[in-house]
Number of protein chains: 2
Amino acid sequence: MTGDEQLDAAFSALAHPTRRAILARLAKGTATVNELAEPFDATLPAISKHIRVLEAAGLVLRGKDAQFRPCALDTKPLEAVASWTDQYRFIWEARFDAMDRILNGMKETPDE
Amino acid sequence: MTGDEQLDAAFSALAHPTRRAILARLAKGTATVNELAEPFDATLPAISKHIRVLEAAGLVLRGKDAQFRPCALDTKPLEAVASWTDQYRFIWEARFDAMDRILNGMKETPDE
DNA sequence: TGATTAATTAACTAAATGGTATAATGTGCC
DNA sequence: GGCACATTATACCATTTAGTTAATTAATCA
């Protein structure tokens with residue numbers, strides 16, 4: 001999986017509120033599928049699918065403990081997302097105004 | 001639009017490599033649709049749609065200049081993404097190991 | 001006015017997504 | 001073995017997404 005594909009998977013996994021809520025729960029410690037499903041209206045297979053998406057994106061690691069498959073958060077893809085957004089930090093920290101840039105038709109690089 | 005919906009829109013807009021490439025281009029300054037489309041194989045309507053997705057997510061602002069519709073990057077949603085990921089920073093900075101947590105069945109909050 | 005350029009709209013297709021209900025699998029326990 | 005529980009697999013449905021080609025709108029320019 002290329003870096004681009006990793007970001008694709010991470011961003012699209014994060015694009016669903018249920019999946020973000022699952023991650024928030026996992027930030028407090030491992031949990032089983034049933035525990036993760038409990039706060040939601042969705043059916044268990046639906047949650048199971050969400051977990052699979054998170055797992056495919058590398059955001060969740062799973063174990064095996066009798067009939068349970070405990071889930072744990074893995075933050076590596078979040079680090080990748082954070083460093084991707086960091087590329088743009090200089091722009092918002094310099095308070096470049098997008099509307100200004102459009103109105104002035106300014107095409108130069110702000111400064112680099 | 002709720003905060004959740006803003007994040008949904010931002011994350012799913014960012015989940016496509018073409019759209020991330022468009023943002024990278026816009027980080028260097030405003031550009032027209034044709035300029036943005038130039039590096040890609042895709043047709044112009046395809047790029048037009050990508051821009052629309054970025055615009056709906058608030059990542060791109062548009063102007064009007066004769067027959068051109070210049071696009072500019074707006075980083076606000078990126079700031080939202082960055083502060084969302086920051087919630088998890090303490091986990092990876094503490095080097096909590098997801099696999100360890102799974103194997104030890106540790107369910108306690110790391111520390112808060 | 002007519003031609004050219006920039007961009008969008010429309011109509012369509014193929015594939016992915018998110019969800020359901022139900023059936024199947026695996027594990028521990030009596 | 002047989003029951004109960006946790007989880008996943010299957011099959012199906014509706015919606016969205018990403019892309020195409022062809023037509024259309026809007027503005028400039030000769």
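Just so we're on the same page: letters track the sequence lines, and every chain starts at 1. Remember, predicted model here, so these are calculated numbers, not experimental data.
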Could you give the CG-to-C1' distance, from B:D41 to D:dT20, as a whole number of Å? 14 Å
So, is B:H50 close to the D:dT17 phosphate, meaning a side-chain N or O under 4.0 Å from OP1 or OP2? no
Calculate the interatomic distance between B:F68 atom CZ and C:dT8 atom P; express it in whole Å. 12 Å
Using whole Å, report how far CZ of B:R69 lies from P of D:dT28. 11 Å
Which residue lies more 5' along DNA chain C, comparing A:T43 with A:Q67 via nearest heavy atoms: A:T43
Taking the side chain as every heavy atom from C-beta outward, state whether A:P17 and B:D8 have any atom pair closer than 4.5 Å. yes
Length of the CZ-C1' vector between A:R19 and C:dG19, whole Å: 12 Å
Rounded distance (Å) that lies between atom P of D:dA18 and atom CD1 of B:I47: 12 Å
From A:L54 atom CG to A:L73 atom CG, the distance as rounded to the nearest 0.5 Å: 9.0 Å
Can you figure out which of D:dA9, C:dT8, C:dT27 approaches the side chain of A:A66 most closely? C:dT27
Below 4.0 angstrom from OP1 or OP2 of C:dT8, is there any side-chain N or O of B:S48? yes
State which of D:dT21, D:dT7, C:dA6 makes the closest approach to the side chain of A:L44. D:dT7
Looking at A:T32, I'd like to know whether one of its side-chain N or O atoms comes within less than 4.0 Å of OP1 or OP2 on D:dA6. no
Separation of A:H16 atom NE2 from C:dT17 atom P, in whole Å? 12 Å
Walking DNA chain D from its 5' end, the first of B:A15 and B:P45 to be reached, judged by nearest nucleotide, is B:A15
In whole angstrom, give the distance that lies between atom NZ of B:K64 and atom P of D:dA26. 8 Å
Has B:N34 got a side-chain N or O lying under 4.0 Å from the OP1 or OP2 atom of C:dA7? yes
Minimum side-chain heavy-atom gap B:T30-B:R25 below 4.5 Å: no
Of B:R52 and A:K49, the one whose closest nucleotide on DNA chain C sits nearer the 5' end is B:R52
Within-4.5 Å side-chain heavy-atom neighbours: A:H50 and A:I22: yes
Within this structure, what is the CG-to-C1' distance between B:D8 and D:dT17, rounded to whole angstrom? 16 Å
Where the side chain of A:E38 meets the backbone of A:E35, is there a donor-acceptor pair that is under 3.5 Å apart? no
